[in-house]
Amino acid sequence: MDTLRSRWHADVIALCPDADRGRVADEVTDLLDRWLEDHRSYHDAVHLAEVLAALDELHEGGDLPARDRHLAGLVAWYHDAVYEPEASPGGNEETSARLAQERLTALGLAPADSDLVARLVRESASHEMSADDAATRAFHDADLWILSAPTERFDAYCHQVRLEYGLYGDEDYARGRTAALTPFAERDRLYLTDHAHAHWTERARVNLDRELGRIAPPA
């Protein structure tokens with residue numbers, strides 16, 4: 001958790017150098033409490049760390065300038081800050097976006113930046129992004145890095161998502177999961193940044209095909 005706390009402080013202070021350090025510390029404590037909630041199996045602190053690591057890879061690969069890296073990092077912190085599996089579609093993202101805008105404004109983030117963070121949190125519900133700036137492209141790809149994870153990690157992710165939706169029967173889950181994953185499998189270009197497109201696409205398509213095949217109803 002210390003590494004995550006350090007990353008939060010670095011991103012916030014880079015964008016809000018005059019932020020009250022006590023409020024910055026209190027906010028990361030609240031956020032970590034959210035990410036560590038007992039009902040989360042996949043949408044937890046490991047997922048957060050993986051998204052941040054993916055942003056680092058995109059930065060190192062030349063697709064994410066330093067300032068945009070900090071902005072995308074804040075999006076990562078808030079995009080699943082509120083997570084309830086039974087919420088209506090887009091409900092978690094809407095509540096998380098409002099939380100982000102309120103809290104980041106209080107910390108002193110510029111209005112344009114807090115608007116961008118809130119927009120990207122909302123758009124993480126569908127991953128249909130409305131802009132083409134560097135932070136947008138990078139966050140989109142980092143949040144979907146898991147699709148390109150090594151086989152063992154990807155299969156663990158699939159199991160974790162199933163646990164989170166344990167209140168649904170197998171048929172209902174398979175129907176919903178198929179509806180969620182098929183649009184990604186059918187996209188001509190799954191990832192928006194050049195680095196992710198070149199290095200993550202092949203594994204992601206193999207993983208998606210395997211998961212869709214596993215949950216498909218028998219012929």
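Leu163 and Phe154 end up in different hydrophobic clusters when Ile, Leu, Val, Met, Phe, Trp and Tyr side chains are linked at under 4.5 Å. Taking hydrophobic clusters as Ile, Leu, Val, Met, Phe, Trp and Tyr residues chained together by side-chain heavy-atom distances below 4.5 Å, Val46 does not share a cluster with Leu4.
Comment: Asp56 engages Arg7 in a salt bridge, judged by a side-chain N to carboxylate O separation of less than 4.0 angstrom. Between Asp155 and Arg214 there is a salt bridge, since at least one side-chain N of the basic residue sits less than 4.0 Å from a carboxylate O of the acidic one. Between Asp26 and Arg23, no side-chain nitrogen of the basic residue sits less than 4.0 Å from a carboxylate oxygen of the acidic one, so the salt-bridge criterion is not met. Look at Arg189 and Asp194 and you find a salt bridge, because one of the NZ, NE, NH1 or NH2 atoms lies within 4.0 Å of a carboxylate O, short of that distance. A salt bridge links Arg34 with Asp30: the distance from a Lys NZ or Arg NE/NH1/NH2 to an Asp or Glu carboxylate oxygen falls below 4.0 Å. In summary, Arg98 and Glu94 engage in a salt bridge, as defined by a charged side-chain N under 4.0 Å from a carboxylate O. A salt bridge does not link Arg137 to Asp141: none of the charged side-chain nitrogens sits closer than 4.0 Å to a carboxylate oxygen.
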- Which is it for Arg205 and Leu147 under the side-chain contact (heavy atoms from CB on, under 4.5 Å) test, yes or no, and what are the steps along the way? CA-CA 8 Å; Arg205 295 207 181 281; Leu147 301 180; over 6 Å; no
- Item | Glu27 vs Trp77, side chain to side chain donor-acceptor pair (under 3.5 Å): CA-CA, chis, key distance, verdict | CA-CA 11 Å; Glu27 181 63 6; Trp77 274 96; over 6 Å; no
- Test salt bridge (Lys or Arg N to Asp or Glu O under 4.0 Å) applied to Glu60 and Arg69, step by step: CA-CA 10 Å; Glu60 292 163 6; Arg69 180 191 190 186; 5.1 Å; no
- Query: Please walk me through it: do Asp133 and Thr136 pass side chain to side chain donor-acceptor pair (under 3.5 Å)?
  - Reply: CA-CA 5 Å; Asp133 57 279; Thr136 294; 2.7 Å; yes
- Take Leu104 and Val117 through the side-chain contact (heavy atoms from CB on, under 4.5 Å) test and state the conclusion after the steps. CA-CA 9 Å; Leu104 291 172; Val117 171; 3.8 Å; yes
- Task: Step by step, work out the side-chain contact (heavy atoms from CB on, under 4.5 Å) result for Leu192 and His197.
- Result: CA-CA 7 Å; Leu192 303 180; His197 178 63; over 6 Å; no
- Apply side-chain contact (heavy atoms from CB on, under 4.5 Å) to the pair Arg153 and Ile146, showing each step before the final yes or no. CA-CA 8 Å; Arg153 174 61 184 124; Ile146 191 63; 3.8 Å; yes
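Between Tyr173 and Tyr165, the angle of the ring planes lies from 30° to 60°, which puts this pair in the tilted group.
With Tyr83 as the partner, the side chain to side chain donor-acceptor pair (under 3.5 Å) test is satisfied by one option alone out of Arg40, Glu93, Glu164: Glu164.
The list of ring-ring contact (aromatic ring centres under 6.0 Å, His included) pairs with a residue in residues 115-139, not counting sequence neighbours, reads His79-Phe139, His127-His140, His127-Phe184. Residue pairs meeting the side-chain hydrogen bond (donor to acceptor under 3.5 Å, both in side chains) criterion with at least one partner in residues 104-117, sequence neighbours excluded, are Arg67-Asp113, Gln101-Asp115.
Aromatic pair Tyr42/His47: centroids less than 6.0 angstrom apart.
Distance alone, capped at 3.5 Å, places no donor-acceptor pair between the Thr182 side chain and the Ala179 backbone. Judged by distance alone, with hydrogens and angles left aside, the side-chain atoms of Ser96 form a donor-acceptor pair with the main-chain N or O of Val82 at under 3.5 Å. With hydrogens and angles ignored, the 3.5 Å screen pairs no side-chain donor or acceptor of Asp44 with any backbone N or O of Trp35. Side-chain atoms of Arg177 never come within 3.5 Å of backbone atoms of Arg175 as a donor-acceptor pair (strictly under, hydrogens ignored).
Ala134 and Asp68 get closest at one heavy-atom pair: CB-OD2, 3.9 Å. Among all heavy-atom pairs drawn from Ala19 and Ile13, the shortest one is CB-CD1, 4.5 Å.
Leu74 is listed as a side-chain neighbour of Leu109, based on a closest heavy-atom distance under 4.5 Å.
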